[in-house]
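These notes are about the structure you will find just below.
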Amino acid sequence: MSIYRDTERRYGLEVYPKRDITIVKGRGAEVWDDEGRRYIDCVAGIGVASVGHANPAVADALAGQARTLVTCPGIFYNDVRARLLAKLAAVAPPGLQRGFLCNSGAEAVEAAIKFARLTTGRTGIVSAMRGFHGRTMGALSATYKKEYRELFKPLVPGFSFVPFNNPARLREAVGDDTAAVMIEPVQGEGGIRPASAEYLRAAREICDETGAILVFDEIQTGFCRTGRMFACEHHGVTPDMLCLAKAIAGGVPLGAVLADPRIQLPPGKHGTTFGGNPLACAAALAAIRFMEDERLAERAELLGARFRERFERRMPARVRALRQIGLMIGVELKERCRPYIEALAAKGILTLPAGTTVIRLLPPLVISEAQIDEVVDVLAEVLE
Ligand SMILES: *Cc1c(COP(=O)(O)O)cnc(C)c1O
């Protein structure tokens with residue numbers, strides 16, 4: 001049917017199991033396929049398009065910067081990068097005043113692992129079961145899922161896993177050789193599972209006692225997704241390093257590690273050619289300004305509550321649990337979710353799996369009330 005599908009199949013070195021939709025255009029919370037069909041996009045580039053597809057403010061910033069300066073390596077200072085670093089420090093949780101810029105989530109995690117080892121002179125990295133931190137070798141070593149890891153062994157030494165939301169087991173696992181504890185405040189890929197306040201506070205305490213660095217991976221939860229600028233603000237627990245990417249630059253590739261003064265790096269020990277380029281920085285400045293002007297954190301909280309209230313009123317019997325925090329939503333079924341994700345797409349709603357039984361929704365935060373209501377209606381209908 002689609003010539004683009006055939007072309008990608010022929011020339012792409014494919015790593016993803018593909019869905020049979022060719023997306024060619026987006027605006028706000030909607031995308032269109034090559035046959036002109038419209039979808040409400042609760043995938044949003046996997047939690048990337050929070051300020052909406054084809055956001056005019058981001059588009060203007062990109063066009064202007066593309067005509068001014070696209071590339072400027074980290075060996076020079078740059079006006080746009082300086083402004084973005086100051087902006088990140090202004091919106092960051094208290095104390096996280098300095099940032100390192102890279103190009104993706106996995107790169108931010110890689111950097112955090114190296115920075116923690118450099119700072120502490122230790123090697124151990126403790127992360128959580130069901131956690132996801134990316135697919136490069138270091139990030140993969142902190143990622144729990146066996147299917148992602150097994151074929152690539154040996155991975156990086158020094159990594160271990162503890163049960164999520166279990167302070168006692170975390171305490172046992174962290175010792176004199178632990179460089180960092182790495183946690184998602186809400187596990188995304190792992191099925192939309194929020195960390196308890198108790199767990200995050202215990203993690204902070206354990207790191208303070210042992211000298212380990214506390215790293216929060218907010219690559220998926222950051223930038224208003226959960227109803228706060230960063231999910232850790234729900235519980236007032238601040239890490240020593242915060243990993244960011246996904247929604248940071250309105251869809252343009254950019255990652256960041258924000259760090260507190262304890263993180264000290266000797267020059268010349270890490271680097272990236274594209275990281276912090278003016279084009280991505282201009283997009284991020286526009287996207288973050290848009291989040292603030294449009295109060296997207298508040299919006300995520302309100303619309304997430306609206307989703308919950310309406311969905312709970314007609315909760316289908318095959319739903320085991322609804323987990324919702326802002327516009328980060330997981331609908332856990334008592335059976336496999338794949339057929340329902342396909343049925344939803346056929347009815348014009350794009351969603352994601354998180355594991356085998358959870359339907360994950362990460363809509364653009366600019367989604368309208370009417371669109372949220374449409375998502376609830378179709379979801380309830382398909383699941384009934
Ligand atoms: C997506 C994601 C990553 C990896 O980001 P990439 O840009 O795909 O490398 C890491 N951690 C979390 C929590 C994520 O959601």
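Counting starts at 1 for both ligands and their atoms, in listed order.
- Nearest protein heavy-atom neighbour of atom 9 (O) of ligand 1: Ala106 N, 2.7 Å.
- Arg323 contributes a side-chain N or O that, together with a main-chain N or O of Gly191, makes up a donor-acceptor pair within less than 3.5 Å.
- Of the possible polar contacts, none joining the Lys246 side chain to the Thr221 backbone as a donor-acceptor pair under 3.5 Å is found.
- Counting only heavy atoms of the protein, atom 2 (C) of ligand 1 lies nearest to Lys246 NZ, 2.6 Å.
- In the vicinity of His133, heavy-atom distances shorter than 4.0 Å reach the ligand 1 atoms 10 (C), 11 (N).
- Protein heavy atom closest to atom 11 (N) of ligand 1, with residue, atom name and distance, is Asp217 OD2, 2.7 Å.
- For the ligand labelled ligand 1, residue Val109 lies outside the 4.0 Å heavy-atom shell.
- At least one test fails for Arg193 against the ring of Phe164: distance under 6.0 Å to the centre or angle within 45° of the axis.
- Where the criterion is an N or O separation shorter than 3.5 Å, residue side chain and backbone included, Glu107 fails it with respect to ligand 1.
- Looking at heavy atoms from C-beta onward, Leu296 lies out of side-chain contact with Phe223 at the 4.5 angstrom threshold.
- Taking 4.5 Å as the limit, every side-chain heavy atom of Pro194 sits out of range of all side-chain heavy atoms of Pro185.
- For Ala245, no heavy-atom contact with ligand 1 is shorter than 4.0 Å.
- Looking at Glu184 against ligand 1, only its side chain comes within 4.0 Å, counting heavy atoms.
- Rounding to the nearest 0.5 Å gives a distance of 11.0 Å between CD1 of Ile349 and OH of Tyr39.
- Between Asp6 and Arg10, no side-chain nitrogen of the basic residue sits less than 4.0 Å from a carboxylate oxygen of the acidic one, so the salt-bridge criterion is not met.
- Taking only nitrogen or oxygen atoms, main chain and side chain alike, Gly105 reaches within less than 3.5 Å of ligand 1.
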